[in-house]
Amino acid sequence: MRDVQEVVHRKQHGDARRPDFRVTRHGDLRLTRRADLKLTLRIVGLTFRAQAEYRAEFLLKVAFGVAWQVSIIVFASVLLGRFPGMGGWPSDAVLLIAAMRMLSHGVFELFCGRATELSTIVQAGKIDAYLLRPLPVYRQVQLSIFPSNALGDLLVGVSMFAGAVAALDTEWTPLRIGYVAAALAGGALMEGAIFTLLSALQLRLPAGLSWSRWVEELFSTFGNYPLKILPGAVNGAFTFVLPLAFVAYFPAATITGNTSGLGVPAALAAAAPLAGLAAFVGSRLLWNFALRHYTGVNG
(Lines give C-alpha, C1' and ligand atoms only; values in the text may rest on other atoms or scores of the structure.)
Protein backbone atom coordinates (compact mmCIF):
# COMPACT_ATOMS: atom_id res chain seq x y z
CA MET A 1 0.00 0.00 0.00
CA ARG A 2 2.90 2.32 0.73
CA ASP A 3 4.18 1.76 -2.81
CA VAL A 4 0.80 2.72 -4.24
CA GLN A 5 0.61 5.88 -2.17
CA GLU A 6 4.17 6.77 -3.22
CA VAL A 7 3.36 6.39 -6.91
CA VAL A 8 0.15 8.44 -6.55
CA HIS A 9 2.07 11.19 -4.76
CA ARG A 10 4.76 11.27 -7.45
CA LYS A 11 2.20 11.40 -10.26
CA GLN A 12 0.35 14.23 -8.58
CA HIS A 13 3.59 16.18 -8.20
CA GLY A 14 4.97 15.42 -11.64
CA ASP A 15 7.66 13.03 -10.41
CA ALA A 16 8.20 10.27 -12.98
CA ARG A 17 11.02 8.45 -11.25
CA ARG A 18 8.93 5.23 -11.37
CA PRO A 19 7.56 5.37 -14.93
CA ASP A 20 7.14 1.59 -15.14
CA PHE A 21 4.20 1.56 -12.74
CA ARG A 22 0.68 2.90 -12.78
CA VAL A 23 -2.16 2.92 -10.27
CA THR A 24 -5.49 1.36 -11.21
CA ARG A 25 -8.83 2.88 -10.28
CA HIS A 26 -9.02 0.34 -7.45
CA GLY A 27 -5.72 1.57 -6.03
CA ASP A 28 -3.67 -1.43 -7.18
CA LEU A 29 -0.11 -1.05 -8.40
CA ARG A 30 0.35 -2.31 -11.96
CA LEU A 31 3.00 -2.14 -14.66
CA THR A 32 2.51 0.15 -17.63
CA ARG A 33 1.78 -1.59 -20.92
CA ARG A 34 5.28 -1.03 -22.22
CA ALA A 35 6.90 -2.34 -19.05
CA ASP A 36 4.39 -5.21 -18.98
CA LEU A 37 5.37 -6.31 -22.49
CA LYS A 38 9.07 -5.88 -21.80
CA LEU A 39 8.88 -7.99 -18.65
CA THR A 40 6.79 -10.67 -20.37
CA LEU A 41 9.30 -11.03 -23.20
CA ARG A 42 12.16 -11.14 -20.72
CA ILE A 43 10.48 -13.95 -18.76
CA VAL A 44 9.87 -15.90 -21.98
CA GLY A 45 13.55 -15.54 -22.83
CA LEU A 46 14.64 -16.66 -19.37
CA THR A 47 12.35 -19.72 -19.32
CA PHE A 48 13.48 -20.68 -22.82
CA ARG A 49 17.15 -20.45 -21.83
CA ALA A 50 16.40 -22.44 -18.68
CA GLN A 51 14.86 -25.21 -20.81
CA ALA A 52 17.64 -25.09 -23.40
CA GLU A 53 20.28 -25.33 -20.67
CA TYR A 54 19.50 -29.05 -20.48
CA ARG A 55 19.85 -29.62 -24.20
CA ALA A 56 19.11 -33.34 -24.28
CA GLU A 57 15.92 -32.93 -22.24
CA PHE A 58 14.87 -29.96 -24.36
CA LEU A 59 15.32 -31.92 -27.60
CA LEU A 60 13.51 -34.91 -26.11
CA LYS A 61 10.50 -32.74 -25.26
CA VAL A 62 10.42 -31.35 -28.79
CA ALA A 63 10.80 -34.89 -30.18
CA PHE A 64 7.95 -36.07 -27.94
CA GLY A 65 5.68 -33.40 -29.40
CA VAL A 66 6.64 -34.51 -32.90
CA ALA A 67 6.21 -38.23 -32.10
CA TRP A 68 2.80 -37.68 -30.50
CA GLN A 69 1.44 -35.79 -33.49
CA VAL A 70 3.00 -38.18 -36.00
CA SER A 71 1.31 -41.11 -34.26
CA ILE A 72 -2.03 -39.37 -34.74
CA ILE A 73 -1.24 -38.80 -38.42
CA VAL A 74 -0.35 -42.48 -38.89
CA PHE A 75 -3.56 -43.60 -37.21
CA ALA A 76 -5.64 -41.19 -39.30
CA SER A 77 -3.89 -42.37 -42.49
CA VAL A 78 -4.71 -45.99 -41.69
CA LEU A 79 -8.35 -45.12 -41.09
CA LEU A 80 -8.61 -43.14 -44.32
CA GLY A 81 -6.97 -45.98 -46.23
CA ARG A 82 -9.34 -48.57 -44.83
CA PHE A 83 -12.48 -46.41 -44.79
CA PRO A 84 -12.37 -43.83 -47.62
CA GLY A 85 -15.22 -41.35 -47.74
CA MET A 86 -15.56 -41.21 -43.94
CA GLY A 87 -19.00 -39.82 -43.15
CA GLY A 88 -19.40 -38.76 -46.76
CA TRP A 89 -16.28 -36.61 -46.57
CA PRO A 90 -13.50 -37.08 -49.16
CA SER A 91 -10.08 -37.98 -47.81
CA ASP A 92 -8.56 -34.55 -48.53
CA ALA A 93 -11.32 -32.83 -46.52
CA VAL A 94 -10.81 -35.20 -43.56
CA LEU A 95 -7.10 -34.48 -43.75
CA LEU A 96 -7.90 -30.76 -43.49
CA ILE A 97 -9.83 -31.38 -40.26
CA ALA A 98 -6.87 -33.19 -38.73
CA ALA A 99 -4.39 -30.58 -39.95
CA MET A 100 -6.40 -27.63 -38.63
CA ARG A 101 -6.94 -29.36 -35.30
CA MET A 102 -3.22 -30.10 -34.92
CA LEU A 103 -2.08 -26.62 -35.88
CA SER A 104 -4.64 -24.98 -33.60
CA HIS A 105 -3.53 -27.30 -30.82
CA GLY A 106 0.10 -26.28 -31.34
CA VAL A 107 -0.86 -22.59 -31.03
CA PHE A 108 -2.91 -23.38 -27.92
CA GLU A 109 0.00 -25.24 -26.33
CA LEU A 110 2.36 -22.36 -27.07
CA PHE A 111 0.21 -19.65 -25.50
CA CYS A 112 -2.23 -21.32 -23.07
CA GLY A 113 -1.09 -24.89 -22.53
CA ARG A 114 0.01 -24.44 -18.91
CA ALA A 115 -3.64 -24.12 -17.91
CA THR A 116 -3.84 -27.91 -17.94
CA GLU A 117 -1.18 -28.12 -15.20
CA LEU A 118 -2.70 -25.56 -12.84
CA SER A 119 -3.37 -28.07 -10.05
CA THR A 120 0.39 -28.71 -9.80
CA ILE A 121 1.01 -24.97 -9.46
CA VAL A 122 -1.75 -24.67 -6.84
CA GLN A 123 -0.44 -27.59 -4.78
CA ALA A 124 3.07 -26.12 -4.88
CA GLY A 125 1.71 -22.88 -3.39
CA LYS A 126 2.92 -20.77 -6.33
CA ILE A 127 -0.43 -19.06 -6.89
CA ASP A 128 -0.06 -17.32 -3.53
CA ALA A 129 3.21 -15.78 -4.73
CA TYR A 130 1.70 -14.86 -8.11
CA LEU A 131 -1.00 -12.84 -6.34
CA LEU A 132 1.67 -10.54 -4.91
CA ARG A 133 3.23 -9.66 -8.27
CA PRO A 134 2.13 -6.89 -10.65
CA LEU A 135 1.63 -9.22 -13.65
CA PRO A 136 -1.80 -10.85 -14.17
CA VAL A 137 -1.92 -14.25 -12.47
CA TYR A 138 -3.19 -16.06 -15.57
CA ARG A 139 -0.23 -14.80 -17.56
CA GLN A 140 2.19 -15.82 -14.82
CA VAL A 141 0.75 -19.33 -15.02
CA GLN A 142 1.40 -19.41 -18.77
CA LEU A 143 4.92 -18.01 -18.30
CA SER A 144 5.82 -20.46 -15.54
CA ILE A 145 7.63 -22.78 -17.97
CA PHE A 146 8.56 -22.62 -21.63
CA PRO A 147 6.43 -25.14 -23.62
CA SER A 148 9.16 -27.07 -25.42
CA ASN A 149 6.77 -29.76 -26.64
CA ALA A 150 4.69 -27.07 -28.36
CA LEU A 151 7.56 -26.54 -30.81
CA GLY A 152 7.20 -30.17 -31.92
CA ASP A 153 3.42 -29.82 -32.12
CA LEU A 154 3.76 -26.72 -34.29
CA LEU A 155 6.39 -28.29 -36.54
CA VAL A 156 4.14 -31.25 -37.36
CA GLY A 157 1.01 -29.09 -37.47
CA VAL A 158 2.45 -26.62 -39.97
CA SER A 159 3.81 -29.44 -42.16
CA MET A 160 0.54 -31.34 -42.16
CA PHE A 161 -1.49 -28.20 -42.77
CA ALA A 162 0.68 -27.29 -45.77
CA GLY A 163 0.15 -30.78 -47.17
CA ALA A 164 -3.61 -30.65 -46.57
CA VAL A 165 -3.93 -27.27 -48.30
CA ALA A 166 -1.89 -28.51 -51.27
CA ALA A 167 -4.07 -31.61 -51.59
CA LEU A 168 -7.36 -29.74 -51.36
CA ASP A 169 -8.99 -28.97 -54.70
CA THR A 170 -10.34 -25.51 -54.00
CA GLU A 171 -9.74 -21.93 -55.08
CA TRP A 172 -7.81 -20.04 -52.42
CA THR A 173 -9.29 -16.55 -52.61
CA PRO A 174 -8.19 -13.81 -50.18
CA LEU A 175 -11.50 -14.20 -48.33
CA ARG A 176 -11.00 -17.94 -47.91
CA ILE A 177 -7.39 -17.47 -46.79
CA GLY A 178 -8.53 -14.90 -44.23
CA TYR A 179 -11.22 -17.27 -42.97
CA VAL A 180 -8.68 -20.09 -42.57
CA ALA A 181 -6.42 -17.83 -40.50
CA ALA A 182 -9.38 -16.76 -38.35
CA ALA A 183 -10.49 -20.38 -37.99
CA LEU A 184 -7.05 -21.50 -36.80
CA ALA A 185 -6.99 -18.70 -34.23
CA GLY A 186 -10.58 -19.48 -33.23
CA GLY A 187 -9.76 -23.16 -32.82
CA ALA A 188 -6.84 -22.34 -30.53
CA LEU A 189 -9.07 -19.96 -28.55
CA MET A 190 -11.83 -22.55 -28.20
CA GLU A 191 -9.37 -25.14 -26.92
CA GLY A 192 -7.93 -22.49 -24.63
CA ALA A 193 -11.43 -21.65 -23.38
CA ILE A 194 -12.19 -25.28 -22.52
CA PHE A 195 -8.97 -25.85 -20.61
CA THR A 196 -9.09 -22.42 -18.95
CA LEU A 197 -12.55 -23.33 -17.65
CA LEU A 198 -11.22 -26.66 -16.37
CA SER A 199 -8.26 -24.90 -14.75
CA ALA A 200 -10.69 -22.59 -12.94
CA LEU A 201 -12.09 -25.76 -11.39
CA GLN A 202 -8.56 -26.70 -10.34
CA LEU A 203 -8.31 -23.47 -8.35
CA ARG A 204 -10.95 -24.96 -6.06
CA LEU A 205 -10.37 -28.69 -6.57
CA PRO A 206 -6.81 -29.71 -7.46
CA ALA A 207 -8.17 -33.17 -8.35
CA GLY A 208 -9.75 -31.47 -11.37
CA LEU A 209 -6.52 -32.33 -13.21
CA SER A 210 -8.06 -35.72 -14.06
CA TRP A 211 -10.84 -33.94 -15.94
CA SER A 212 -8.28 -32.06 -18.02
CA ARG A 213 -6.48 -35.30 -18.84
CA TRP A 214 -9.75 -36.92 -19.90
CA VAL A 215 -10.71 -33.98 -22.13
CA GLU A 216 -7.25 -34.08 -23.73
CA GLU A 217 -7.87 -37.71 -24.63
CA LEU A 218 -11.24 -36.82 -26.14
CA PHE A 219 -9.63 -34.12 -28.28
CA SER A 220 -6.96 -36.51 -29.54
CA THR A 221 -9.44 -39.32 -30.21
CA PHE A 222 -12.35 -37.50 -31.84
CA GLY A 223 -11.03 -34.07 -32.87
CA ASN A 224 -9.43 -35.18 -36.14
CA TYR A 225 -12.46 -36.69 -37.90
CA PRO A 226 -15.93 -35.70 -39.13
CA LEU A 227 -18.19 -35.89 -36.09
CA LYS A 228 -21.17 -36.94 -38.21
CA ILE A 229 -19.81 -40.52 -38.09
CA LEU A 230 -20.75 -40.59 -34.38
CA PRO A 231 -24.24 -41.22 -32.96
CA GLY A 232 -26.44 -38.13 -32.82
CA ALA A 233 -26.31 -37.80 -29.03
CA VAL A 234 -22.50 -37.95 -29.00
CA ASN A 235 -22.31 -35.51 -31.91
CA GLY A 236 -24.56 -33.12 -30.01
CA ALA A 237 -22.44 -33.46 -26.86
CA PHE A 238 -19.31 -32.55 -28.83
CA THR A 239 -21.12 -29.49 -30.17
CA PHE A 240 -23.01 -28.04 -27.21
CA VAL A 241 -21.45 -29.58 -24.07
CA LEU A 242 -17.79 -29.99 -25.00
CA PRO A 243 -17.62 -27.76 -28.12
CA LEU A 244 -14.98 -29.81 -29.91
CA ALA A 245 -16.80 -29.32 -33.23
CA PHE A 246 -15.91 -25.60 -33.25
CA VAL A 247 -12.16 -26.26 -33.18
CA ALA A 248 -11.69 -27.78 -36.66
CA TYR A 249 -14.76 -29.72 -37.80
CA PHE A 250 -17.07 -26.77 -38.45
CA PRO A 251 -14.38 -24.54 -40.02
CA ALA A 252 -13.23 -27.36 -42.31
CA ALA A 253 -16.85 -28.02 -43.29
CA THR A 254 -17.29 -24.35 -44.20
CA ILE A 255 -14.07 -24.27 -46.25
CA THR A 256 -14.78 -27.48 -48.17
CA GLY A 257 -18.54 -27.04 -48.51
CA ASN A 258 -19.41 -30.22 -46.58
CA THR A 259 -22.11 -28.49 -44.55
CA SER A 260 -24.84 -31.13 -44.76
CA GLY A 261 -25.48 -33.23 -41.67
CA LEU A 262 -23.59 -30.97 -39.28
CA GLY A 263 -26.46 -30.83 -36.83
CA VAL A 264 -26.36 -27.02 -36.77
CA PRO A 265 -27.13 -24.32 -39.38
CA ALA A 266 -24.31 -23.64 -41.82
CA ALA A 267 -24.17 -20.02 -40.61
CA LEU A 268 -23.45 -21.17 -37.05
CA ALA A 269 -20.73 -23.51 -38.30
CA ALA A 270 -19.17 -20.64 -40.27
CA ALA A 271 -19.17 -18.50 -37.12
CA ALA A 272 -16.83 -20.95 -35.35
CA PRO A 273 -13.96 -18.39 -35.10
CA LEU A 274 -16.26 -15.91 -33.35
CA ALA A 275 -17.53 -18.68 -31.07
CA GLY A 276 -13.94 -19.45 -30.08
CA LEU A 277 -13.27 -15.81 -29.23
CA ALA A 278 -16.49 -15.47 -27.22
CA ALA A 279 -15.83 -18.72 -25.37
CA PHE A 280 -12.29 -17.67 -24.43
CA VAL A 281 -13.43 -14.28 -23.13
CA GLY A 282 -16.15 -15.99 -21.09
CA SER A 283 -13.74 -18.58 -19.70
CA ARG A 284 -11.30 -15.86 -18.63
CA LEU A 285 -14.07 -14.05 -16.78
CA LEU A 286 -14.98 -17.26 -14.97
CA TRP A 287 -11.28 -17.93 -14.26
CA ASN A 288 -10.90 -14.47 -12.73
CA PHE A 289 -14.04 -15.08 -10.66
CA ALA A 290 -12.59 -18.35 -9.37
CA LEU A 291 -9.28 -16.62 -8.60
CA ARG A 292 -11.05 -13.96 -6.50
CA HIS A 293 -12.46 -16.80 -4.39
CA TYR A 294 -9.16 -18.70 -4.18
CA THR A 295 -8.39 -19.53 -0.55
CA GLY A 296 -4.80 -20.81 -0.78
CA VAL A 297 -3.28 -24.20 -0.21
CA ASN A 298 -4.02 -24.10 3.52
CA GLY A 299 -7.67 -23.22 3.07
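For this chain, numbers begin at 1 and follow the sequence in order. Being a predicted model, the structure only gives us computed values, none of them experimental.
- Taking the six-membered ring for Trp, Phe58 and Phe48 have ring centres closer than 6.0 Å.
- Residues forming a side chain to side chain donor-acceptor pair (under 3.5 Å) with Trp89 (at least two apart in sequence, or on another chain): none.
- The salt bridge (charged side-chain N to carboxylate O under 4.0 Å, His left out) test applied to Arg213 returns Glu117, Glu216, not counting sequence neighbours.
- Considering every non-hydrogen atom in both Val122 and Gln202, the closest pair reads CG2-O, 4.1 Å.
- The ring-ring contact (aromatic ring centres under 6.0 Å, His included) check on Phe246 picks up Phe250, with sequence neighbours excluded.
- Taking Gln69 as the reference, Asp153 meet the side chain to side chain donor-acceptor pair (under 3.5 Å) condition, with sequence neighbours excluded.
- Cation-pi geometry between Arg204 and Tyr294 is not met: the NZ or CZ atom fails to fall both under 6.0 Å from the ring centre and inside 45° of the normal.
- Remark: Arg42 CZ is loosely packed, at most 12 non-hydrogen atoms of other residues, nucleotides or ligands lying under 6.0 Å away.
- The minimum heavy-atom distance linking Pro226 with Ile97 is given by the pair N-CD1, 3.8 Å.
- Here Met100 is tied into one hydrophobic group with Leu96, Leu103, Val107, Leu110, Phe111, Leu154, Val158, Phe161, Val165, Leu168, Trp172, Ile177, Tyr179, Val180, Leu184, Ile255, each link being a pair of ILVMFWY side chains closer than 4.5 Å.
- Under the 6.0 Å cut-off for aromatic ring centres, Tyr225 and Tyr249 do not qualify, their centroids lying 6.0 Å or more apart.
- Summarising the geometry of Phe195 relative to Ser212, their closest heavy-atom pair is CE2-O, 3.6 Å, with the distance given to 0.1 Å.
- The shortest non-hydrogen separation linking Ala183 to Ser104 is O-OG, 4.3 Å.
- With sequence neighbours left out, the side-chain contact (heavy atoms from CB on, under 4.5 Å) criterion links Trp214 to Trp211, Leu218.
- When all heavy atoms of Phe222 and Leu227 are compared, the pair lying nearest together is O-CD2, 3.6 Å.
- Relative ring orientation between Tyr138 and Trp287 is described as perpendicular, the plane-to-plane angle rising above 60° on a 0-90° scale split at 30° and 60°.
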